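Right, one structure below, let's go through it.
Here the structure is a predicted model, which means the values were calculated and not measured.
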Amino acid sequence: MAEQNRTKLTGHITVPGDKSISHRSIIFAAISTGVTTIDNFLKSADCLSTMQAFKDLGVKIDERDGQVVVTGVGLKGLTQSNQPLDMGNSGTSTRLITGLLAGQDFDSTLVGDASLSKRPMARVTDPLSQMGADFTNTENHLPLTVFGRSLHEIHYRLPVASAQVKSAIILAALQATGNTVIEEPTASRDHTERMLAAFSPASIDREDHKITIHPGHPLIAQHVTVPGDISSAAFWLVAGAIVPGSSITIENVGINQTRTGILSVLQQMGAQLSIQERPQANEETEPSADITITASALKPFEIGAEEIPALVDEVPLLALLAARADGVSRITGAEELRFKESDRLAVVAEEFRKLGIAIEELPDGFVIDGHKSWQVQNTDLDSHQDHRIAMALKIASLLVPEDVTIRDFNAVNISYPSFLADLQRLRS
């Protein structure tokens, strides 16, 4: 696709429902008792993979009046699928469902597309194996067969903060014979803990970076409202900050404190940013806000491993912010990005260099010099079939005079099918 007609971006916008919370709403609704209704569920390819997997596992899921309605079967009510569970491109679906299936009384096989089949599974299967889980896989990749087993408790210290690994262990721990303790080195996304506490308060205790799971308590159906995804809103936050003359308000965005690293970096850079919080129903409800961003001069920044868990999806955008800052920025501690839909560190460096951005790839991040003006070398960009790369390149392309082509741009359907329509709305 070629980029035309660069203009400032202005107006109000809502972004699709949070992908992480949408995944988890289906999972917890499925294993609860009663009927759960879900508002603002994200109907992206990844989340639809989760939905279809649970349909294949015998869960009744309907859509009524814009809501997703899930008739839960309880923690032990799932039934064996008569075909492999197709995870598509979704790493979240794969890792979380693996934890849940490990404690069931039937076997399951998980498959995925070519990209997902290259992503490592050992960091999930290793701790689950310590709980008594049993797997066969292809060199620690999909296809993966999960042999349902009786699981026992574990005290597990995560080597690196990972919401997906933590969540897989939590879902397995709900089926264990005793209390499981999980410790994180730093805080990662806590959507699973919040949702479990809403569906079954007695099942979880949290203190600092330690989580204790108490199995044996029922999960009760809830009404879940999914806030706008801050990882999707991040594209407009960055666009509003760097496209001259822009001012964008994104309404009802989730501002869970484990996800707001992008806001902290923008504030650190001196961006013109205002955050109007919305009322919360209770402490387990995901917090949300209306956020306004206006283009302004930006200062360089440095972030490291401690900040990365709250920023892991936004690193390509951080590199773009750095490329428009007045100085040299440094991002480290992000080696996990080499195992996403693409090797995002290598891909960002490769594609940004085409645009003339002064970026140095590190083993775990980047050094970016925003002082240097962009001298476009190549207008044929490639998303590498990675949705976040595709959208980051689209925002970057608004800042160059040449017409730019982005290969495999339809990868955005993984998380943000309405991205181009929303961009057009902000330009009109």
Side-chain angles (χ1 to χ4, degrees), residues 23-34 36 50 53-59 61 70-81 85 87 92-110 121-137 144-158 162-184 190-206 210-222:
H23 281 302
R24 288 158 173 82
S25 67
I26 293 289
I27 294 171
F28 281 102
I31 60 175
S32 67
T33 301
T36 292
T50 295
F54 279 94
K55 288 181 178 180
D56 292 343
L57 291 166
V59 179
I61 304 176
V70 183
T71 303
V73 298
L75 189 56
K76 290 298 183 180
L78 300 174
T79 56
Q80 186 172 28
S81 173
L85 299 172
M87 301 291 101
T92 301
S93 305
T94 305
R95 294 189 175 108
L96 270 62
I97 287 174
T98 296
L100 178 62
L101 294 176
Q104 296 294 309
D105 57 3
F106 54 83
D107 303 339
S108 304
T109 297
L110 280 61
M121 288 294 296
R123 60 184 181 147
V124 169
T125 57
D126 285 353
L128 293 176
S129 296
Q130 294 177 38
M131 301 177 73
D134 190 14
F135 309 96
T136 61
N137 55 53
L144 170 74
T145 297
V146 185
F147 301 102
R149 294 288 185 268
S150 176
L151 304 178
H152 56 76
E153 69 275 13
I154 189 176
H155 190 136
Y156 189 73
R157 293 179 176 86
L158 287 158
S162 169
Q164 290 184 2
V165 176
K166 173 179 63 175
S167 298
I169 298 170
I170 289 172
L171 289 165
L174 289 171
Q175 306 164 82
T177 54
N179 295 338
T180 288
V181 177
I182 305 164
E183 294 188 52
E184 295 186 279
D190 68 348
H191 303 306
T192 298
E193 298 95 303
R194 284 176 177 267
M195 197 165 288
L196 177 56
F199 277 80
S200 182
S203 293
I204 183 168
D205 286 322
R206 291 185 284 172
K210 184 168 74 172
I211 304 156
T212 304
I213 302 300
H214 307 281
H217 301 282
L219 283 74
I220 306 301
Q222 301 292 310

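Looking only at atom types and distance, the side chain of Gln175 has a donor-acceptor partner in the side chain of Gln104 under 3.5 Å away. Using a 3.5 Å distance cut-off with no hydrogens or angles, the side chains of Thr50 and His23 do pair a donor with an acceptor. Glu153 and Thr177 form a side-chain donor-acceptor contact under 3.5 Å, judged by distance and modelled atom types alone. A side-chain donor from one of Thr92 and Gln164 sits under 3.5 Å from a side-chain acceptor of the other.
Ala29 and Thr36 make their closest contact through CB-CB, 3.6 Å (heavy atoms, listed as atom of the first residue, atom of the second, distance). Nearest heavy atom pair, residue Arg95 against residue Ala168, reads O-CB, 3.2 Å.
Counting heavy atoms from C-beta outward, Phe106 and Leu101 have side chains that approach closer than 4.5 Å. Side-chain atoms of Asp126 and Phe135, non-hydrogen and from C-beta on, never get closer than 4.5 Å to each other. No side-chain heavy atom of Ile213 sits under 4.5 Å from any side-chain heavy atom of Asp205. The closest side-chain heavy-atom distance from Thr192 to Lys166 is not below 4.5 Å. Side-chain contact check for Met131 versus Arg149: every heavy-atom pair is 4.5 Å or farther apart. No side-chain heavy atom of Tyr156 sits less than 4.5 Å from a side-chain heavy atom of Thr180. Side chains of Arg24 and Leu96 form a contact here, defined as non-hydrogen atoms less than 4.5 Å apart. A 4.5 Å side-chain heavy-atom check between Leu219 and Thr33 finds every atom pair outside the cut-off.
The distance from the CG atom of Asp105 to the OG atom of Ser150 is 10.5 Å, given to the nearest 0.5 Å.
Ion pairing between a basic and an acidic side chain is recognised when a charged N comes within 4.0 Å of a carboxylate O; Asp190 and Arg206 show such pairing. Of the charged side-chain nitrogens involved, none lies within less than 4.0 Å of a carboxylate oxygen, so that Glu184 and Lys210 do not count as a salt-bridged pair.
A side-chain donor-acceptor contact under 3.5 Å links Ser200 to the backbone of Pro218.
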